[in-house]
Structures are given as C-alpha cells and as structure tokens.
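Heavy-atom basis, side chains included; hydrogens, waters and symmetry copies ignored. Since this is a predicted model, take the numbers as computed values, not measurements. Below, read A as the first sequence line, B as the second, and so on, with proteins coming before strands; counting in each chain starts at 1.
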Amino acid sequence: AFMYNALIRGFSNSETPQNSISTFSLMLNNLGLQIDSFTLAFSLKSASNIPCFRTGTQLHCQALVRGLDTHIFVGTTLISMYAECGRVEFARNMFDEIPNPNIVTWNALLTAFFRRGDAEGAERVFSLMPAKSLTSYNLMLGGYAKLGEFDLATKVFDEMPMKDEISWSTMILGLAQHGCSDKAIRYFRRLHEASLRPNEVSLTGVLSACAQAGALEFAKILHGFIEKVGLIWNTPVNNALMDTYSKCGSVDMARLVFQRMPGKKSIVSWTTLIAGLAMQGYGEEGLSLFHEMEKSGLRPD
RNA sequence: GCAGUCACUAGCGGU
C-alpha cells in the first residue's frame, strides 16, 4: 500500500491527476489493498486538482465507512476539495465535523471563503481563529489582492507579524494583475532593497508589470538579474521575459531568449513567441515557428 | 515493536 500511495501522490501533482483515481480504484477493487488516511488524502487532492465533485464525494464516502473522514489530514483535504469544486457550503459543513481543527484546517476554510470571493466570510473566519500562521496572513493578503481591495491588502501587508517571499510575491503579482504596474514595480524595488532575494514568482509579476508599462529598460535590468541568479532555468520566468520583450516592441530580444532557453520549452513558451511575432508583424515567421512546434511533438492547445 | 508517505497560501501565453 505504501508504494501505491506514493504513486497516487505523484499523479496528484501531475498533468493527469485522473491517474490517481484509477490507481485508487485498482487498489480497492482489483488488488484488495487496505486504504488508509494517506491514500485518501492524496486521492482527494487529485479530485481537487481535476477538479471533480463526483469523484470527491465518492472518496468522501470511502472515508466515511472507514471512520477516516474526521482524521485531521483527510478532513482538511476534504474541505479543500469541496472548495475547489465550488461547494463552499459543503466545505463549511465539513469543517464543523472535525473535532479538533488545527491551523491548517482553519486555513483551508479561509481559502474556501475566498474561493467564492466572500471577503466578509473570510474575515469572520480569520477573527475566530484561535491561532494564526504566516499562511493565514498570506491568505488574507492574497484574497484581498485578488479582489482588487488594495487598501485592505496593504493593511494586512503592513501589519502582519512577519513576511516571507510568498507575501511579497502575492502583493507584487496582485498589483500587476490589476494593472497597477507602477506600484508593482515599486514593491519589487522595496523587496530588493530589503536585501531579500526576489523569487521566480515576484519576477513573473514584475515582468508582467513591465510589459504593461512598456518599461523596456527596467526589463533589461531584470533580464541581467535573472541570468545572474540562475532563474534562466525557470520556464515560466523565461516565458514572462519573452512576453515582456515582445510587448515592449523588442521581438528580437524575445526571439533570442527563446533560442537560448536552457530549460524545457513549454507550450506557453511557443505560444508567447508566436503571438509576439504575429503582434509585431512577423506573421510568416510566426507561422513557420508554429509548424516547428508541431514537429517538436507538442500539440497546440 | 519501531520507522518511513505529510493536509492549507503566490506565478507565465489570443485570457
């Protein structure tokens, strides 16, 4: 069972979480292996990642008959699963079933309220929490930022007892996604001045801000930084860099980044460059790149 | 008998 649990867990974070569910039913129906709390937690995570409410409910039943539904890990994953499947009421009822919720369980409930954009519900949960972790603050920050409530987000950011790289990248990304590119760049500078190392997510955020603002010079500085710290191996960062160069009108640099990408090119890498070429009037080159992509074995989405 | 799986938060492309 240990081995199968590892398999299910591996699939749950893959592109094809359905494989976890197949493995689960293989274990249960064909091999007659014992299902434990790990099996259920990992399988439920797959149900969230698909997401599939039906599968999630069936797994809930399997947990129920074994008395594992209120197991702290399984119960917490059930809350997340219902939230991901858009059933916040189910998530909430599940929370009430768990006898000794811990911080992670409370955080899962917070996430559930923000999933449907219910900031007031989340605030109630936050105020009821017997203890809060950094993740709890990051959740409030991210929830407000996603809703564009930057006064509230800034208040959380300024008042939280500590900050980690997630706090910073959440803020930068939230600002960038709401078109506040100047502020996003300002937070990125603050992060850098605080001698904290910007991570890959802050970089995609600030790059997207540069793309909006047409800040080509700053993008070049960021490019240098990315090479220096070795983030050139990170595909999403490279993709964001290409997109920024394209949108700033420097499709030559975008092409160069693409050609020199050391890491694996994803479907997004190709699409970003093709769109950039098309946008700048290099339609033919874009088309031939499209055919090259098909030859390389990737299928367009 | 013991140990081993560890649940909640942020990211890129017509979006």
Side-chain angles (χ1 to χ4, degrees), chain A residues 1-10 12 36-45 48 68 71-81 83-84 91 95 98 101-115 122 125 129 132-143 145-146 153 156 160 163-177 184 198-209 211 231 234-244 246-247 254 257-258 263 265-279 286 293 300-301:
Chain A
F2 174 92
M3 228 177 65
Y4 282 89
N5 285 347
L7 205 58
I8 291 176
R9 176 175 168 240
S12 74
D36 63 14
S37 60
F38 290 101
T39 321
L40 285 161
F42 299 145
S43 304
L44 279 163
K45 197 173 187 169
S48 319
L68 286 171
H71 178 286
I72 191 79
F73 277 37
V74 177
T76 304
T77 319
L78 276 165
I79 294 173
S80 307
M81 183 277 293
E84 291 305 318
F95 180 86
I98 300 176
N102 62 16
I103 296 189
V104 178
T105 314
W106 280 95
N107 287 343
L109 186 65
L110 251 187
T111 307
F113 278 93
F114 274 125
R115 274 289 121 84
V125 173
M129 289 178 75
K132 298 170 174 74
S133 64
L134 183 51
T135 298
S136 320
Y137 287 94
N138 284 339
L139 279 166
M140 293 304 289
L141 182 63
K146 193 158 283 172
V156 174
M160 59 201 288
K163 306 181 213 322
D164 63 0
E165 51 181 31
I166 294 185
S167 323
W168 284 94
S169 45
T170 301
M171 199 67 187
I172 292 168
L173 204 77
L175 288 164
Q177 283 171 346
N199 71 359
E200 55 273 31
V201 182
S202 323
L203 272 159
T204 54
V206 76
L207 281 167
S208 132
L231 279 174
N234 184 296
T235 304
V237 169
N238 263 294
N239 296 345
L241 185 61
M242 273 193 293
D243 186 48
T244 306
S246 300
K247 290 195 172 139
V257 171
F258 182 84
K265 291 180 180 66
S266 68
I267 180 80
V268 179
S269 318
W270 290 89
T271 316
T272 303
L273 186 58
I274 292 170
L277 287 166
M279 208 177 357
M293 175 180 81
D301 63 359

Requested in this report: Could you state the atom-to-atom distance from CG of L173(A) to P of C12(B) in whole Å?
Outcome: 6 Å
Query - Sugar-phosphate, base or nothing in reach of D164(A), heavy atoms under 4.0 Å - result: nothing
Query raised in the report: Which part of the nucleic acid, if any, lies within contact of N5(A), taking any heavy atom under 4.0 Å across all strands shown: a base, the sugar-phosphate backbone alone, or nothing?
Result: base
Report task. Write down the distance separating the C1' atoms in G14(B) and A10(B), rounded off to the nearest Å. Result -> 24 Å
Report summary line: I172(A) atom CD1 is separated from A10(B) atom C1', nearest whole Å, by 11 Å
Query raised in the report: How would you label the contact of T272(A) with the nucleic acid (heavy atoms, under 4.0 Å): base, sugar-phosphate, or nothing?
Result: sugar-phosphate
Report summary line: So, with a heavy-atom separation below 4.0 Å from RNA chain B, the residues of residues 234-242 of chain A are N234(A), P236(A), V237(A), N239(A), A240(A)
Query raised in the report: Do any side-chain nitrogens or oxygens of K45(A) fall under 4.0 Å of OP1 or OP2 in C8(B)?
Result: yes
Report summary line: OG1 (T39(A)) and CG (L7(A)) are apart, to the nearest 0.5 Å, by 11.5 Å
Report task. Select base, sugar-phosphate, or nothing to describe what T170(A) touches, counting heavy atoms under 4.0 Å on all strands. Result -> sugar-phosphate
Query raised in the report: Which part of the nucleic acid, if any, lies within contact of F42(A), taking any heavy atom under 4.0 Å across all strands shown: a base, the sugar-phosphate backbone alone, or nothing?
Result: base
Report summary line: Taken in chain and number order and not counting sequence neighbours, the residues that satisfy side-chain hydrogen bond (donor to acceptor under 3.5 Å, both in side chains) with S43(A) are none
Query raised in the report: Just checking I166(A): base, sugar-phosphate only, or nothing, at a heavy-atom cut-off of under 4.0 Å?
Result: base
Report task. Give the rounded distance in Å between these two atoms: CZ of F114(A) and P of A10(B). Result -> 12 Å
Query raised in the report: Would you call the rings of H71(A) and F73(A) parallel, tilted or perpendicular if under 30° counts as parallel and over 60° as perpendicular?
Result: perpendicular
Query raised in the report: Taking the side chain of V201(A) as heavy atoms from C-beta outward, which of G11(B), G13(B), A7(B) is closest to it?
Result: G11(B)
Query raised in the report: Of all the nucleotides listed (A7(B), U5(B), A10(B)), which has the minimum atom distance to the side chain of F38(A)?
Result: U5(B)
Query raised in the report: For T135(A), which contact category applies under a 4.0 Å heavy-atom criterion: base, sugar-phosphate, or nothing?
Result: base
**Report entry** Gap between atoms CH2 and P, on W270(A) and C12(B) respectively (whole Å)
**Finding:** 22 Å
Query raised in the report: Above 12 or not: heavy atoms from other molecules or residues under 6.0 Å from OH of Y4(A)?
Result: no
Query - Any residue meeting side-chain hydrogen bond (donor to acceptor under 3.5 Å, both in side chains) with T105(A), in chain and number order, not counting sequence neighbours - result: T76(A), N102(A)
Report task. Starting from P on C8(B), measure out to NE2 on H71(A) and report it in whole angstrom. Result -> 14 Å
Report summary line: In whole angstroms, the gap separating P of G14(B) from CD1 of I267(A) amounts to 13 Å
Report task. Verify the contact: side-chain N or O of Q177(A) to OP1 or OP2 of C12(B), cut-off strictly under 4.0 Å; return yes or no. Result -> yes
Requested in this report: Figure out the OH/P separation between Y4(A) and G4(B), and round it to whole Å.
Outcome: 23 Å
Query raised in the report: Do the non-hydrogen side-chain atoms of S80(A) and L44(A) ever get within less than 4.5 Å of each other?
Result: no
Report task. Check whether any side-chain heavy atom of I8(A) sits under 4.5 Å from a side-chain heavy atom of K45(A), and report yes or no. Result -> no
Requested in this report: Mind calculating the distance between CG (L40(A)) and P (U5(B)) to the nearest angstrom?
Outcome: 18 Å
Query - Polar pair under 3.5 Å, donor/acceptor by atom type, side chain S169(A), base A10(B) - result: yes
Query raised in the report: Considering only the C1' atoms, how many Å lie between G13(B) and U9(B), rounded to the nearest integer?
Result: 24 Å
**Report entry** C1' atoms of C12(B) and C8(B), separation to the nearest Å
**Finding:** 24 Å
Query raised in the report: Is the side chain of T244(A) donor-acceptor paired with the backbone N or O of L207(A) at a distance under 3.5 Å, no angle test?
Result: yes
Report task. Tell me which nucleotide among A10(B), C12(B), G13(B) gets nearest to the side chain of T204(A). Result -> C12(B)
Requested in this report: Go through the N and O atoms of the side chain of D301(A) and the base of G14(B), and report whether any donor-acceptor pair is under 3.5 Å.
Outcome: no
Query raised in the report: Just by distance, with hydrogens left out, do T170(A) and S167(A) show a side-chain donor and acceptor under 3.5 Å apart?
Result: no
